[in-house]
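Order of listing sets the numbers, starting from 1, for every ligand and every atom in it. All of these numbers come straight from a predicted model, not from anything done at the bench.
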Amino acid sequence: MADIVVGAGVIGLHIALYLQKSGRDVIVLDRNEADHNCSYGNAGYISPSHFIPLATPGMVWQGLKWMLDNQSPFYIKPRLNANLIKWGWLFWKNANHRTVQKNAPHLFRLLKLSRSLSIDLHEELGQSFTLKQDGCLMLYTNKKTGHEEEVLARQAKNDYGLDVPVLDNRELKLLDPLISNKVLGGAYYKIDCHLHPREMMNVLKARLVEKGVKIVLNENIKSLDVHGRVLQNVITDCATYPVDNFIIAAGSWSPLLCTQLGIDLPLQAGKGYSHTYQQPHHNIQYPAILVDHRVAMTPMGNDLRVGGTMEISGLDLNVSRQRIPPIIQAANLYYNDLNLPVPPVDQVWAGLRPVSPDGLPYIGKDQNYKNVFVATGHAMIGISSAAATGLLLSQMITGQTTEIQMDVFRVNRF
Ligand SMILES: Cc1cc2nc3c(=O)[nH]c(=O)nc-3n(C[C@H](O)[C@H](O)[C@H](O)COP(=O)(O)OP(=O)(O)OC[C@H]3O[C@@H](n4cnc5c(N)ncnc54)[C@H](O)[C@@H]3O)c2cc1C
């Protein structure tokens, strides 16, 4: 018998890591090679700065406005789909000031814990993947956005003790001379870090294998053998696996598995794109979010990754051609001399973020089963909160007191 983790994305691998550390036998099961899922082409931020959940009042109105614009960075494709309708209703219901402010401290605790665990892990693994503690700039070109960023920076300082100077254009240029005159200012979250996602995932996989975790790839789950409140066996097209605990960490596909077990999990895939420019002539000095355009830029060694968009359009990895130029145009607007060309569509990476309707991940046990756990819904903070998710879930499974309070992340909250 072993703990079976479904999904070899960043969440599944971290769960496997901490379960293995606490002495459990672990099998990670993925239906494909698991080398092109959402955990690879992302921006690599470890960002305690992201303590405001996605579902905010501003996001609802902005989203409605953007729905009419086929180049916008946020888009919901209208569909007659029961999960989408419920998800949309819950998103709207949670997008109010009171819920956002109630959830923010929980999110911050999760992110802060994860940052510290990721840094420890980086050391433990002999610094064998790139992780830099350079912070992140939230750059804006619009006065109103600047005001909102100042308010957030103040909240970060007053509520969480973060050092977040808000810099004007001149001060920003001292940090990065490429920043253009169009940028009015930026909040500098010194606490944020960034890593190279593919390097980290490869190192983590190798460590798991070295420690005896079995990573089983290219097997499809055919059925789940349930007796009463216990899931006893996982039957794939190749083998039957007796189960101690069953952990669903299948990212955007998690609701499909949940449905097989009668678990209702409101979750939508939020598609995003990125392109990595190999050794551009000029590179940026600090990771930066171009706030008005919802674009993320990360220097990755000598390369530069630029990414963005949030398209709620189902489990579809096709690239919407028209959404790529605005991402690259934003990068060229905020920075001088980059002159980044729009990449051909076949060189654009697409990933599906698992998005919960209240901006909090689901981490915990399903109430109807004795041994079924869910860990997904990390949306834009999967890299940022994977280590904490792994530790916390392993603490729950092994009956330890969790590092932080987990009720707010419970699976059956809707
Ligand atoms: C453009 C972009 C930029 C981003 N930037 C950042 C960032 O800077 N920082 C950050 O924290 N987050 C970022 N994210 C979000 C982050 O990438 C995700 O939250 C994270 O990768 C989700 O990880 P996951 O393990 O839940 O899912 P995935 O990485 O998608 O992995 C899920 C795995 O489950 C497997 N699977 C699914 N169904 C089954 C099944 N039935 N049986 C077996 N296996 C199954 C899949 O094959 C897949 O390998 C970004 C995302 C995008 C799109």
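- With G12, S114, A386, C38 as candidates, the residue nearest to atom 30 (O) of ligand 1 on a non-hydrogen basis is C38.
- Shown here are the side-chain contact (heavy atoms from CB on, under 4.5 Å) partners of V319, two or more places apart in sequence or in another chain: Y273, I324, V345, V348, A350.
- Residue-to-ligand polar distances place A379 within reach of ligand 1: an N/O pair is separated by less than 3.5 Å.
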Legend entry - Pair L131-E123, side-chain contact (heavy atoms from CB on, under 4.5 Å): steps then yes or no: CA-CA 10 Å; L131 186 152; E123 289 298 321; over 6 Å; no
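- Close N/O approach between G44 and ligand 1 is found [any backbone or side-chain N/O within under 3.5 Å].
- Considering backbone and side-chain atoms alike, S47 places every N or O at 3.5 Å or more from each N or O of ligand 1.
- At under 3.5 Å, not a single nitrogen or oxygen of S252, backbone or side chain, sits near a nitrogen or oxygen of ligand 1.
- Taking a 4.0 Å cut-off on heavy atoms, A296 fails to register as neighbouring ligand 1.
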Inset, instruction - For ring pair (Phe, Tyr, Trp, His ring centres under 6.0 Å), just list the numbers for Y188 and Y286, CA-CA rounded to whole Å, side-chain angles, deciding distance to a tenth of an Å, and then say yes or no. - result: CA-CA 10 Å; Y188 180 25; Y286 291 84; 5.7 Å; yes
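- The distance criterion of under 3.5 Å between nitrogen or oxygen atoms is not met by P354 with respect to ligand 1.
- Residue Y45 touches ligand 1 through backbone and side chain together, judged by heavy-atom distances below 4.0 Å.
- Below 4.0 Å from some heavy atom of A43 lie the following atoms of ligand 1, by number and element: 3 (C), 4 (C), 5 (N), 6 (C), 8 (O).
- When only interatomic distances are considered, the shortest N/O to N/O separation between M380 and ligand 1 falls below 3.5 Å.
- At least one heavy atom of G251 lies less than 4.0 angstrom from ligand 1.
- Remark: ligand 1 and R353 share no N or O pair separated by less than 3.5 Å (distance only, no angle test).
- Distances between N or O atoms of G270 and those of ligand 1 include no value under 3.5 Å.
- Taking every non-hydrogen atom of G351 and a distance limit under 4.0 Å, the qualifying atoms of ligand 1 come out as 53 (C).
- Both the backbone and the side chain of D30 come within contact range of ligand 1, each with a heavy atom under 4.0 Å.
- Cation-pi check for R305 over W349 is not met; the charged atom does not lie both under 6.0 angstrom from the ring centroid and within 45 degrees of its normal.
- Applying the 4.0 Å criterion to heavy atoms of V6 picks out, from ligand 1, the atoms 40 (C), 42 (N), 43 (C), 44 (N).
- The residues D264 and K86 are annotated as salt-bridged, a charged nitrogen and a carboxylate oxygen being separated by less than 4.0 angstrom.
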With a 3.5 Å cut-off and sequence neighbours excluded, list the donor-acceptor pairs that the side chains of residues 210-224 form with protein atoms.
unit_1, atom_1, unit_2, atom_2, d
N218, OD1, E33, N, 3.4
N218, ND2, E33, OE2, 2.7
E219, OE1, T236, OG1, 2.7
E219, OE1, Y241, OH, 3.0
E219, OE2, Y241, OH, 3.2
N220, ND2, D237, OD2, 3.3

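- Among the atoms of I383, some N or O lies under 3.5 angstrom from an N or O of ligand 1.
- The 12-atom threshold is not exceeded at NZ of K132, counting heavy atoms of other residues, nucleotides or ligands nearer than 6.0 Å.
- No donor-acceptor pair closer than 3.5 Å links the side chain of K182 to the backbone N or O of T141.
- Checked against a 3.5 angstrom limit, the closest N/O atoms of R31 and ligand 1 fall inside it.
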